[in-house]
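The next block holds one structure in the form of structure tokens; read it before the comments.
Note that these values count all heavy atoms, side chains included, but never hydrogens, waters or copies made by symmetry.
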Amino acid sequence: MLYNSKFGIFCIVKQSVNIVTIFPKHLFWDMDYNKLNLSKDKAIIIPRALYATTPETFETDILKLETIYSPKDIVKYLKLTTENISNKVCLSVAKRYNVKSFLRFSL
């Protein structure tokens, strides 16, 4: 939610949210998704949100992430993750944000 004041524009992010209202429940199968915090659990939420994306669903999936996180955070946590994120997803993200290409797996 954006608020405009005499000090500038502020973005208020709701920290506690049931993440499965945004992303499919099966992406968080191994944890209590009700306890995820949007700020503290970026390293979990961002990669999991793109784990099952396909070329057909990438635009929808990335738009959902962009309503919560900045492109900088999305790139950062995809680069740091140990989740099984495909190289195609990494390349699509790099292209979208016009950053140097990066791969999760390399030979």
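- Cluster partners of Leu91, using a side-chain heavy-atom cutoff of under 4.5 Å among ILVMFWY residues and allowing indirect links, are Leu103.
- Across Ile85 and Cys90, no two heavy atoms sit closer than the pair CG2-SG, 4.1 Å.
- Annotation: side chain of Thr54 is in contact with side chain of Thr57 (closest heavy-atom distance under 4.5 Å).
- Annotation for Ala49 and Leu27: closest pair CA-CD1, 4.1 Å, computed over non-hydrogen atoms.
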field: Test side chain to side chain contact (heavy atoms under 4.5 Å, CB included) applied to Val89 and Tyr51, step by step
entry: CA-CA 8 Å; Val89 170; Tyr51 175 78; over 6 Å; no

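- The side chain to side chain donor-acceptor pair (under 3.5 Å) analysis of residues 85-97, with sequence neighbours excluded, yields the pairs Glu59-Arg96, Glu66-Arg96, Glu66-Tyr97.
- A side-chain contact (heavy atoms from CB on, under 4.5 Å) with Ile68 is found for one member of Leu38, Ile45, Ile46 and no other, namely Leu38.
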Identify all side-chain donor-acceptor contacts of residues 72-81 below 3.5 Å with residues at least two apart in sequence or on another chain.
from  : atom 1 : to    : atom 2 : distance (Å)
Asp73 : OD2    : Lys42 : NZ     : 3.0
Thr81 : OG1    : Glu83 : N      : 2.9

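- At a threshold of 4.5 Å between non-hydrogen side-chain atoms, the residues Met31 and Ile44 count as touching.
- More than 12 heavy atoms of other residues, nucleotides or ligands shown are found within 6.0 angstrom of CG on Asp32.
- For Lys64, the NZ atom is densely surrounded, since the number of other residues' heavy atoms within 6.0 Å is greater than 12.
- If you take CG on Leu65 and CD1 on Ile22, they are separated by 9.0 Å, rounding to the nearest 0.5 Å.
- The distance from atom CG of Asp61 to atom CG of Leu50, rounded to the nearest 0.5 Å, is 6.5 Å.
- Shortest non-hydrogen contact noted between Ala94 and Lys100 is CB-O, 3.9 Å.
- Remark: Asp30 engages Arg48 in a salt bridge, criterion side-chain N to carboxylate O under 4.0 Å.
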